[in-house]
Amino acid sequence: MLGKTTSAIAASALAAAGLLAWSTPVSAETAPQAAAAVPNCVTTSLNDSGATDYLTVYNDCDDNLRIKVLLAYGPDFSCTTIAANGRMSYQWPWPSRFDGLQEC
């Protein structure tokens, strides 16, 4: 009896996957907006070897930039202005992890 139930569940899952694979793509109007990429003159240094992660963002650009640090499994930081040729340091506890930068 267990074999028939397992087979029925597996068949249902495969059928649902087939339906999802053939669904229509999301239109450009409803797709989420892409995050603004930071310029190449912005670099980072990350130390994630302990219970607290430390990130330094370096702005080696000629202009001030507004940067937002994005975290996975935690709240993102607010937009912060980093002066031209300046830097800003951030820290957060585990389990959050660095997920990228966004220009504001």
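A chain of hydrophobic side-chain contacts below 4.5 Å, direct or via other Ile, Leu, Val, Met, Phe, Trp or Tyr residues, connects V57 to L71. Under the 4.5 Å side-chain heavy-atom criterion for Ile, Leu, Val, Met, Phe, Trp and Tyr, M88 and V69 are members of the same hydrophobic cluster.
Here salt bridge (charged side-chain N to carboxylate O under 4.0 Å, His left out) pairs that include residues 86-99, with residues two or more places apart or in two chains, are R97-D99. The disulfide bond (SG atoms under 2.5 Å apart) pairs that include a residue from residues 72-103 are C79-C104, where partners are two or more places apart or lie in different chains. Pairs passing the side chain to side chain donor-acceptor pair (under 3.5 Å) check and including a residue from residues 60-80, sequence neighbours excluded, read R66-T81. Residues in residues 36-53 take part in these side chain to side chain donor-acceptor pair (under 3.5 Å) pairs, two or more places apart or across chains: N47-S49, D53-W92.
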- Item | side-chain contact (heavy atoms from CB on, under 4.5 Å) evaluation trace for N85 with N59 | CA-CA 5 Å; N85 299 305; N59 176 8; over 6 Å; no

- For side-chain contact (heavy atoms from CB on, under 4.5 Å), just list the numbers for L70 and L101, CA-CA rounded to whole Å, side-chain angles, deciding distance to a tenth of an Å, and then say yes or no. CA-CA 6 Å; L70 306 175; L101 297 175; over 6 Å; no

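Listed by chain and residue number, F77 satisfy the ring pair (Phe, Tyr, Trp, His ring centres under 6.0 Å) test with Y90 (two or more places apart in sequence, or in another chain).
Contact between E103 and V38 at its shortest, heavy atoms only, is N-CG1, 3.8 Å.
Side chains of L46 and Y54 form no contact here, defined as non-hydrogen atoms less than 4.5 Å apart.
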